[in-house]
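What follows is one structure encoded as structure tokens, with my remarks underneath.
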2 protein chains.
Amino acid sequence: MVRGKTVIEKIENTTSRQVTFSKRKGGLFKKARELGVLCDAQVGVLLFSNTGRLYDYSNSNSGYAACYLHSEVLIR
Amino acid sequence: MVRGKTVIEKIENTTSRQVTFSKRKGGLFKKARELGVLCDAQVGVLLFSNTGRLYDYSNSNSGYAACYLHSEVLIR
DNA sequence: TTTGCTATTTATAAGAT
DNA sequence: TATCTTATAAATAGCAA
């Protein structure tokens, strides 16, 4: 497992790309949550997958509305 | 360095909290960038520090506008 | 506020299920 | 597709500047 340094470039294999997306999405949201708690900060993260699906994380009270607005702009 | 497991709770010491914010902000943005490239996804991250400063990362063409809108909602 | 150092903790790629 | 495992790459806490 983990044979060498991961090169940061688009993963061409569809299955591998989706698995990596799922795993790293979890990692990114976890890091976001930790930063919010440790440093008492407001955090918002939005992700649009290759397949057009939206995922978000926010520790803000108005997180949902914020992410909704954010997404409206991004998908234009 | 790194004496034990990091407990995820607010860092009370102001200096330590700010140093950790700066470091983890860099880590979070790096992870966001990597996810965007590896998985061909659109990513947007917003951070409001304890001191009221805004930081953002986005690989979207409309990232700036998106983050601006996002911030308008968050700070209400 | 950010960065270099570096011992440790974490994240995660690949495989298998 | 979403886990579980586990060897290895990567992030980072505490100091110092």
**OP:** May I ask whether F21(B) and Y57(A) are part of the same hydrophobic cluster, defined by side-chain heavy atoms of I, L, V, M, F, W, Y residues being less than 4.5 angstrom apart, directly or through others?
**Re:** yes

Original post:
Which part of the nucleic acid does T6(A) contact within heavy-atom distance under 4.0 Å: base, sugar-phosphate only, or nothing?
Top reply: sugar-phosphate

Original post:
To the nearest 0.5 Å, what is the distance between CG (L35(A)) and CG (L28(B))?
Top reply: 6.0 Å

**OP:** Examine dT10(C): is either OP1 or OP2 under 4.0 Å from a nitrogen or oxygen in the side chain of K30(A)? Give yes or no.
**Re:** no

**OP:** With rounding to the nearest 0.5 Å, note down the distance linking NZ in K25(A) to CZ in R53(A).
**Re:** 8.5 Å

Original post:
Can you check the Q18(A) CD to dT3(D) P distance for me, whole Å?
Top reply: 15 Å

Original post:
Separation of L54(B) atom CG from dT1(C) atom P, in whole Å?
Top reply: 14 Å

Original post:
Where each residue is assigned the nucleotide of DNA chain D containing its nearest heavy atom, which of K5(A) and T15(A) is assigned the position nearer the 5′ end?
Top reply: T15(A)

**OP:** Return the value, rounded to whole Å, for the distance between atom CD1 of I11(B) and atom P of dG14(D).
**Re:** 7 Å

Subject >> Atom-to-atom span, CG of N13(B) to P of dC15(D) - whole angstrom >> reply: 10 Å

Original post:
Which part of the nucleic acid, if any, lies within contact of V19(B), taking any heavy atom under 4.0 Å across all strands shown: a base, the sugar-phosphate backbone alone, or nothing?
Top reply: base

Original post:
Should K31(B) be listed as having a side-chain N or O under 4.0 Å from OP1 or OP2 of dT12(C)?
Top reply: yes

Original post:
Which listed nucleotide (dA11(C), dT1(C), dT2(C)) is nearest to the side chain of R53(B)?
Top reply: dT1(C)

**OP:** Take the protein atom CZ of R17(A) and the nucleotide atom C1' of dT1(D), then report the distance between them rounded to whole Å.
**Re:** 15 Å

Subject >> Atom-pair distance (CG on L38(B); C1' on dA9(D)), nearest Å >> reply: 14 Å

Original post:
If you check every side-chain atom of R24(A), which of dT2(C), dA13(C), dT1(D) has the closest atom?
Top reply: dA13(C)

Subject >> Separation of atom CZ in F29(B) from atom C1' in dT12(D), rounded to whole Å >> reply: 17 Å

Original post:
Should the pair E34(A)-R24(B) be classified as a salt bridge under the 4.0 Å nitrogen-to-oxygen rule?
Top reply: yes

**OP:** Remember a base hit wins even if backbone is also touched, and classify K23(A) as base, sugar-phosphate or nothing at under 4.0 Å, heavy atoms.
**Re:** base

Original post:
Could you give the CD1-to-C1' distance, from I8(B) to dA11(D), as a whole number of Å?
Top reply: 12 Å

**OP:** Look at all strands and tell whether S16(B) reaches a base, only sugar-phosphate, or nothing, counting heavy atoms closer than 4.0 Å.
**Re:** nothing

**OP:** Look at the side-chain N and O atoms of S22(B) and state whether any lies under 4.0 Å from the OP1 or OP2 oxygen of dT1(C).
**Re:** no

**OP:** Verify, without hydrogens or angle tests, whether N59(A) (side chain) and V43(A) (backbone) share a donor-acceptor contact under 3.5 angstrom.
**Re:** yes

